[in-house]
Structure formats: C-alpha cells, structure tokens
Amino acid sequence: MKILVTGGAGFIGSAFIRMVIGETDWRVVNLDKLTYAGNLENLADVEHDARYRFVEGDIGDEALAGALMSGEKPDAIVHFAAESHVDRSILSPEPVIRTNLHGTFTLLEAARKNRLGRFVHVSTDEVYGSLPAPLEADESFPLNPSSPYSASKAGSDLLARSYFTTYRLPVVITRASNNYGPYQFPEKLIPLMIANALEDRPLPVYGDGMQVRDWLYVDDHCRGILEVLQKGREGEIYNIGGNRSLPNLEVVRQVLALAGKPESLIGYVTDRPGHDRRYALSSEKLTRETGWRPVMDFATGLARTIEWYRAHAAWVAHVRSGEYRAYYEKNYDTARWCAEPRT
Ligand code: NAD
Ligand code: TYD
C-alpha cells in the first residue's frame, strides 16, 4: 500500500504519518507547501525512513499533482492540506479559498484523471455550523457554515462528494471535531493557552468564554481516519468526535490548573465576529460500521499535551518567531483586553 498525504507537515497530518510509518508497512508520499503551519520538525521521527518521501509543493499546482499521481501511483490519497484557522480566515480569506477550495479541486481532478483507488477528504464539524443544545449533528445534517474557513471546507466537501456522484471517484469524507495534542500550532485554543500559561502571559478568552467545543485527541482522530481509509464506504461521510463537550472557559481553567498557574492569567478579549456558539456531533455511524471510538480521556490527553509543550520549549519558540508575532498583534489588539467576561 502506498498513500499520498497532503498537508503532512501540519499538526494532524504529521501525527497521521508518524502513525502510519510506525504501525504499518505502507509507503507515504507527503505533499506539503510548508506554509507558516507546516513544519518539517514535526516529521523528524520518520524523515530517514525508506518508506517516507517528502515533496514540497502546492496542492493547487496542477502539473505537480498530476505528476505525483501518475509517477508515484498511490493507492489512495488522504487530503489534510488546508488553511485551517478560523481567525486567520477572518483576517485574510484569500489563501483560505485558494487552498481549501481550488486546491481541493486540483487534487480531485488529478485523482479522477489518474483513476485513484480512494480519496479521503479530511473535513470538520464546523461545516454544520452552530447547534443549540442538545442537538448533535449526524452526517445528514444540513451544512450551515459561518466563517470563510468553515464555508471553504463545506464547499470542498460538496465538491468532493460531487466527484463521487458524477465521476464515481471513490471519495470518502471525514468530519472531525476540535483536535488537540502535541505539535499543534499555538494559534488554536489549547496550544495557545498552554504556551501562554507556561510563560505567565495572559490567556485571551473570546467574549464570555461559554462557547462549546467537542475535544478529540489527535491520535484518536488519526485512528478514525485509518478506519475510514480501509473500511469506509465510497461516497459516504463519517463524523469523528471526541465525545467530550466543554465550554472554552472550562478548558482554559483546566489548562491553568494542570500547568500550576493562577486563574488571574485569564483575560477577556472582544469576541470573534460570527463566532459559533456550540459544535456537537455524533460519531455513531463510524462506531457502528468500524468499531472505532475515542479512547483518550480529556484530562489525561490535556496533561500529556501540556507536558509535551513544557518539554518542547525550543519547538514553541521556533514556531512563534517571525510571522507569528505580527499575526498575534493583529488578532489580539492589546486595546481589546479586559478583566471581565465580554457579553
Ligand atoms: P495545520 O494548519 O496544522 O496544517 C496544515 C498543513 O497544510 C500545513 O503543513 C501546511 O503547510 C499545509 N498546506 C497549507 N496550504 C497548502 C497548500 N496550498 N499546498 C500544500 N500544503 C499546504 O492543520 P491541521 O490542524 O493539521 O488540519 C489538517 C486538516 O484537518 C485540515 O483540512 C483541517 O480543515 C482539518 N481539521 C482540523 C481540525 C483541528 O482541530 N485542527 C479539526 C477537524 C478537521
Ligand atoms: P479554535 O481553536 O480557533 O477552533 P475553532 O474556532 O475552529 O473551533 O477555537 C476554539 C474555541 O476557542 C472557539 O470557540 C474560539 C475560542 N478561542 C478563544 O476564546 N481564544 C483564542 O485565543 C482562540 C484561538 C480561540
């Protein structure tokens, strides 16, 4: 078995590649553009493995995508590459649309022309939009995205699905909830709060901090994708959730407690525009069809993640240098900070 992975130098893609190289005898070709979020340090464990090959390039490069599929003849593609952060998509939507929509289109076309055996499109629960409690989205829920990021993912999901319906390209789509774990770029909630807490910097909570997310440990997500890759039915969608819904403030408090830092580090900032209040999904279909279920309990996964960040201060310092500073200042304008929740 040989798989083409896109976006394998990012958070989830690199966890997936480490798992595949470590636990199977498959070969992996990793196509990644190395944007601000792509980091080859994440793949140090596998870079010298004879079954692993890295190709630097853009998924929107039609010639490269075609050459890789015709030359490498992978059995399947697992497509992670994306501009993945909501706040960046609000500040600057153009690269998000270009990569998530046009880039996915380019890969689908190359896969169709080269008759690829399987196309796993990695997507997100954010495509369902905000749901009032106690609703949980199953795979038939309507799409109702709010941000340029989630709209681009919803659009690429629909496009991928159309390649199954129209061309019978063997597409399978996964929609996962919020991931956390080692190697996550410190722009997302959990790694940002950990990195700031470990340096006694303020923790920026948006609005009132009562937005709810479902938390999935990254290795549980990767195992779910492996199941879908091997057993998922063509043309189907599979939700992958952590079964652990928490308000953001509760997550932030747990980070501080585990890191041994005071709650006085919490600061409130102006809410994100169009902020979705609550995501919730059911992974009952994946469990029923493959037996998969999340195994990492949140407190253990969070403690493990904090320890990883504590032990990898050099990794954090490296990814937070340069471009990150400008992004941080732009997104967390100091004038917006306040000590009380913003309602
Ligand atoms: P990430 O931002 O950590 O990594 C994205 C990777 O894609 C980086 O290595 C980057 O260099 C690469 N990339 C970006 N644009 C590219 C392009 N044009 N061509 C080639 N490579 C490019 O993202 P992540 O958190 O690992 O997310 C991976 C996938 O999982 C995304 O599709 C995302 O939508 C989806 N997802 C993420 C989460 C989450 O909580 N992080 C949850 C559900 C689904
Ligand atoms: P995030 O990790 O960006 O994931 P998503 O928006 O894709 O769910 O954010 C998770 C939640 O945390 C979301 O409700 C926004 C909130 N949040 C903050 O309160 N402060 C922050 O600095 C960040 C990055 C997120």
Side-chain angles (χ1 to χ4, degrees), residues 5-16 30-40 42-43 55-61 64-65 78-90 95-96 98-100 102-104 106-107 121-127 130 146-147 149-150 152-153 156-157 174-181 183-193 196 202-216 218 221-222 225 239-242 246-249 251-252 266-269 271-272 274-279 281 319 328 331-332 342:
V5 172
T6 69
F11 164 49
I12 306 171
S14 66
F16 183 77
N30 173 18
L31 171 62
D32 197 297
K33 188 182 178 181
L34 300 183
T35 67
Y36 77 90
N39 185 351
L40 291 179
N42 302 357
L43 293 156
V55 178
E56 183 172 345
D58 194 320
I59 56 166
D61 181 339
L64 177 61
V78 185
H79 173 36
F80 292 95
E83 289 291 340
S84 68
H85 191 39
V86 172
D87 293 315
R88 286 188 192 252
S89 85
I90 293 168
V96 179
R98 187 158 24 92
T99 286
N100 300 5
H102 194 265
T104 301
T106 307
L107 292 176
H121 176 67
V122 178
S123 188
T124 163
D125 64 353
E126 299 194 26
V127 297
S130 195
S146 306
S147 68
Y149 164 70
S150 52
S152 72
K153 294 298 289 189
S156 60
D157 282 23
T174 62
R175 292 183 181 147
S177 59
N178 286 60
N179 281 219
Y180 70 102
Y183 297 98
Q184 186 168 26
F185 194 84
E187 63 186 357
K188 309 281 192 326
L189 180 74
I190 288 184
L192 187 143
M193 297 299 164
N196 282 15
L203 273 49
V205 171
Y206 293 159
D208 63 3
M210 295 312 288
Q211 304 83 3
V212 172
R213 297 292 184 266
D214 172 62
W215 293 99
L216 172 67
V218 63
H221 184 191
C222 292
I225 293 172
N239 287 345
I240 309 180
L246 288 171
N248 294 338
L249 206 48
V251 172
V252 172
I266 295 175
Y268 294 89
V269 293
D271 209 353
R272 171 190 278 172
H275 197 168
D276 283 333
R277 197 72 185 160
R278 176 178 173 270
Y279 296 142
L281 80 176
V319 301
Y328 199 87
N331 198 53
Y332 300 96
R342 313 279 284 240

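Every number for a ligand or one of its atoms is a count from 1 in the order of the listing. All residue numbers refer to positions in the sequence shown, counting from 1.
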Counting heavy atoms only, which of [options] comes nearest to [atom]?
atom: atom 3 (O) of ligand 1; options: F185, F11, Y183; value: F11
atom: atom 2 (O) of ligand 2; options: V252, V251, L189; value: L189
atom: atom 6 (O) of ligand 2; options: R272, E126, M210; value: R272
atom: atom 22 (C) of ligand 1; options: R98, H121, K188, K33; value: K33
atom: atom 25 (C) of ligand 2; options: Y328, Y268, Y206, Y279; value: Y206

Ligand-residue contact atoms, ligand 1 with [X], heavy atoms, under 4.0 Å:
X: A9; value: 9 (O)
X: D58; value: 17 (C), 18 (N), 19 (N)
X: L34; value: 11 (O)
X: G57; value: 19 (N), 20 (C)
X: V122; value: 30 (O), 32 (O)
X: N178; value: 40 (O)
X: A37; value: 2 (O), 8 (C)

Handout entry: Polar contact flag for D276 and ligand 2 (N/O pairs, less than 3.5 Å)
Key =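 No, there is no polar N/O contact under 3.5 Å.
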Practice task
Examine W215 against ligand 2 and note whether any of their N/O atoms are separated by less than 3.5 Å.
Solution key: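 N/O-N/O distance under 3.5 Å: no.
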For [atom], which protein heavy atom lies nearest, and how many Å away is it?
atom: atom 2 (O) of ligand 1; answer: S84 OG, 2.6 Å
atom: atom 12 (O) of ligand 2; answer: N248 ND2, 3.3 Å
atom: atom 19 (N) of ligand 1; answer: I59 N, 2.9 Å
atom: atom 5 (C) of ligand 1; answer: A82 O, 3.5 Å
atom: atom 37 (C) of ligand 1; answer: I12 CD1, 3.4 Å
atom: atom 4 (O) of ligand 2; answer: N178 ND2, 3.2 Å
atom: atom 15 (C) of ligand 2; answer: H275 NE2, 3.4 Å
atom: atom 43 (C) of ligand 1; answer: A176 O, 3.4 Å
atom: atom 9 (O) of ligand 1; answer: D32 OD2, 2.6 Å
atom: atom 4 (O) of ligand 1; answer: G10 CA, 3.4 Å
atom: atom 42 (C) of ligand 1; answer: S177 O, 3.3 Å

Under 4.0 Å, counting heavy atoms only: does [X] come that close to any atom of ligand 1?
X: S123; result: yes
X: G8; result: no
X: T6; result: no
X: Y180; result: no
X: S14; result: no
X: F80; result: yes

Problem - Part of K153 within contact of ligand 1 (heavy atoms, under 4.0 Å) - result: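 Looking at K153 and ligand 1, just side chain atoms fall under 4.0 Å.
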Problem - Location of contacts on Y149 toward ligand 1, heavy atoms closer than 4.0 Å - result: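 Near ligand 1, Y149 shows its side chain, while the N, CA, C and O stay back.
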Practice task
Determine, stepwise, if the pair Y328 / L192 fulfils side chain to side chain contact (heavy atoms under 4.5 Å, CB included).
Solution key: CA-CA 10 Å; Y328 199 87; L192 187 143; 3.9 Å; yes
Exercise for the section: Report yes or no: is the cationic atom of R88 (NZ for Lys, CZ for Arg) under 6.0 Å from the centre of the six-membered ring of Y36, at an angle within 45° of the ring normal? Expected result: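 The answer is yes; both the distance and angle limits are met.
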Exam field: side chain [X] to backbone [Y], donor-acceptor pair closer than 3.5 Å:
X: N178; Y: W215; value: no
X: N42; Y: A9; value: yes
X: T6; Y: A81; value: yes
X: S150; Y: V127; value: no
X: H221; Y: N179; value: no
X: S152; Y: Y149; value: yes

Considering only heavy atoms of [X], which atoms of ligand 2 have at least one such atom less than 4.0 Å away?
X: H85; answer: 3 (O)
X: V205; answer: 19 (O)
X: V86; answer: 6 (O), 7 (O)
X: E187; answer: 24 (C)
X: P204; answer: 18 (C), 19 (O), 20 (N), 21 (C), 22 (O)

Handout entry: Intermediate values then yes/no, side chain to side chain contact (heavy atoms under 4.5 Å, CB included), Q211 and D276
Key = CA-CA 7 Å; Q211 304 83 3; D276 283 333; over 6 Å; no
Handout entry: Residue pair E83 / S89, side-chain heavy-atom distance below 4.5 Å
Key =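 Not touching, per the 4.5 Å side-chain cut-off.
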Practice task
Return the orientation label for the F16 and F80 ring planes: parallel under 30°, perpendicular over 60°, tilted otherwise.
Solution key: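 Geometry flag for F80 against F16: tilted rings.
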Practice task
Could you give me the CA-CA distance, side-chain angles and deciding distance for V122 and V78, then say whether side chain to side chain contact (heavy atoms under 4.5 Å, CB included) is met?
Solution key: CA-CA 7 Å; V122 178; V78 185; 4.1 Å; yes
Problem - Heavy-atom closest pair, residues A65 and L107 - result: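 So the minimum-distance heavy-atom pair works out to CB-CD2, 4.2 Å.
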Problem - Shortest non-hydrogen separation from N196 to P204 and the atoms involved - result: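 That closest heavy-atom pairing would be ND2-CD, 3.9 Å.
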Practice task
Decide whether E126 and Y279 meet the rule of one side-chain donor and one side-chain acceptor closer than 3.5 Å.
Solution key: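 Judged by distance alone, the side chains do pair up.
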One residue to check: [X]. Relative to ligand 2, which of side chain, backbone, both or neither has a non-hydrogen atom less than 4.0 Å away?
X: R213; value: side chain
X: Y332; value: side chain
X: Q211; value: side chain
X: T124; value: neither

Handout entry: R175 and its salt bridge (charged side-chain N to carboxylate O under 4.0 Å, His left out) partner, picked from D157, D214, D125
Key =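 One option only clears the test, and that one is D157.
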Exercise for the section: Evaluate the side chain to side chain contact (heavy atoms under 4.5 Å, CB included) criterion for residues R277 and S146: first the C-alpha distance (whole Å), next the side-chain angles of each, then the deciding distance (0.1 Å), finally the verdict. Expected result: CA-CA 11 Å; R277 197 72 185 160; S146 306; over 6 Å; no
